[in-house]
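Just so it is clear, the model here is predicted, and its values are computed rather than measured. Scope of the values below: all heavy atoms of this structure, side chains included, with no hydrogens, waters or symmetry mates.
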Amino acid sequence: MNKNNKKGFTLAELLIVVAIIGVLVAISIPIFTSQLEKSRDAVSVANMRSAYAEVMTCVLAGSDGQSTVTFTPKATGDKVAGTYAVTVAIKSQSANTWSGLAGELPFTAPDDPGTAGNKTLTFTVDANGGITTVALS
């Protein structure tokens with residue numbers, strides 16, 4: 001058998017390849033986690049935008065709520081002024097600033113989403129149909 005006939009990889013070469021793969025995985029996990037949280041925030045913001053559209057439909061139509069909107073009028077009996085509550089799914093996992101996406105909302109988003117799950121988004125509307133406060137509980 002010829003000693004100069006070397007086929008295959010040496011142990012050192014295989015260890016280097018495994019080390020490179022390990023470094024790449026170590027770099028990619030935090031990036032993946034960050035992107036996953038951004039996508040959860042995007043879903044949460046989209047759900048809040050949808051709830052806002054639903055409430056504004058009720059306000060403009062002068063209705064006292066749809067099947068998913070609970071309307072509590074002010075004591076004056078105004079058909080518009082009062083609080084509108086909508087259940088929304090919040091996917092964010094931790095308190096944050098909605099990954100900077102909250103600036104796209106037509107209202108000021110609540111600062112702390114808390115934990116993920118179904119939450120009640122409450123809009124307080126004045127007699128002119130304007131949003132005065134928004135709360136997430």
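Side-chain atoms of Ser44 come within 3.5 Å of backbone N or O of Arg40 as a donor-acceptor pair. Without hydrogens or angle criteria, Ser34 side chain to Pro30 main chain gives no donor-acceptor distance under 3.5 Å.
With sequence neighbours excluded, no residue forms a side chain to side chain donor-acceptor pair (under 3.5 Å) with Ser39. In this view, Ala89 and Asn47, Lys91, Asn118 satisfy the side-chain contact (heavy atoms from CB on, under 4.5 Å) rule, not counting sequence neighbours. Taking the ring pair (Phe, Tyr, Trp, His ring centres under 6.0 Å) definition, one finds that Phe107 meets it with Tyr52, Phe123, sequence neighbours left out.
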Just distance, no hydrogens or angles: give the donor-acceptor pairs under 3.5 Å from side chains in residues 130-137, sequence neighbours left out.
{"unit_1": "Thr132", "atom_1": "OG1", "unit_2": "Thr124", "atom_2": "O", "d": "3.0"}
{"unit_1": "Thr133", "atom_1": "OG1", "unit_2": "Thr124", "atom_2": "OG1", "d": "2.9"}

Donor-acceptor list for residues 12-21 side chains, cut-off 3.5 Å, not counting sequence neighbours:
{"unit_1": "Glu13", "atom_1": "OE1", "unit_2": "Thr10", "atom_2": "N", "d": "2.9"}

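Applying the ring-ring contact (aromatic ring centres under 6.0 Å, His included) test to residues at least two apart or on different chains, none of the pairs has a partner in residues 9-48. Within the structure, the salt bridge (Lys or Arg N to Asp or Glu O under 4.0 Å) test picks out the following pairs touching residues 43-52 (sequence neighbours left out): Arg49-Glu104.
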Report the C-alpha distance between Val125 and Thr83 in whole Å, list the side-chain angles of each, state the deciding distance to 0.1 Å, and finish with yes or no for side chain to side chain contact (heavy atoms under 4.5 Å, CB included). CA-CA 6 Å; Val125 178; Thr83 57; over 6 Å; no
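Side-chain contact between Lys119 and Thr87 is absent, with no heavy atoms from C-beta onward closer than 4.5 Å.
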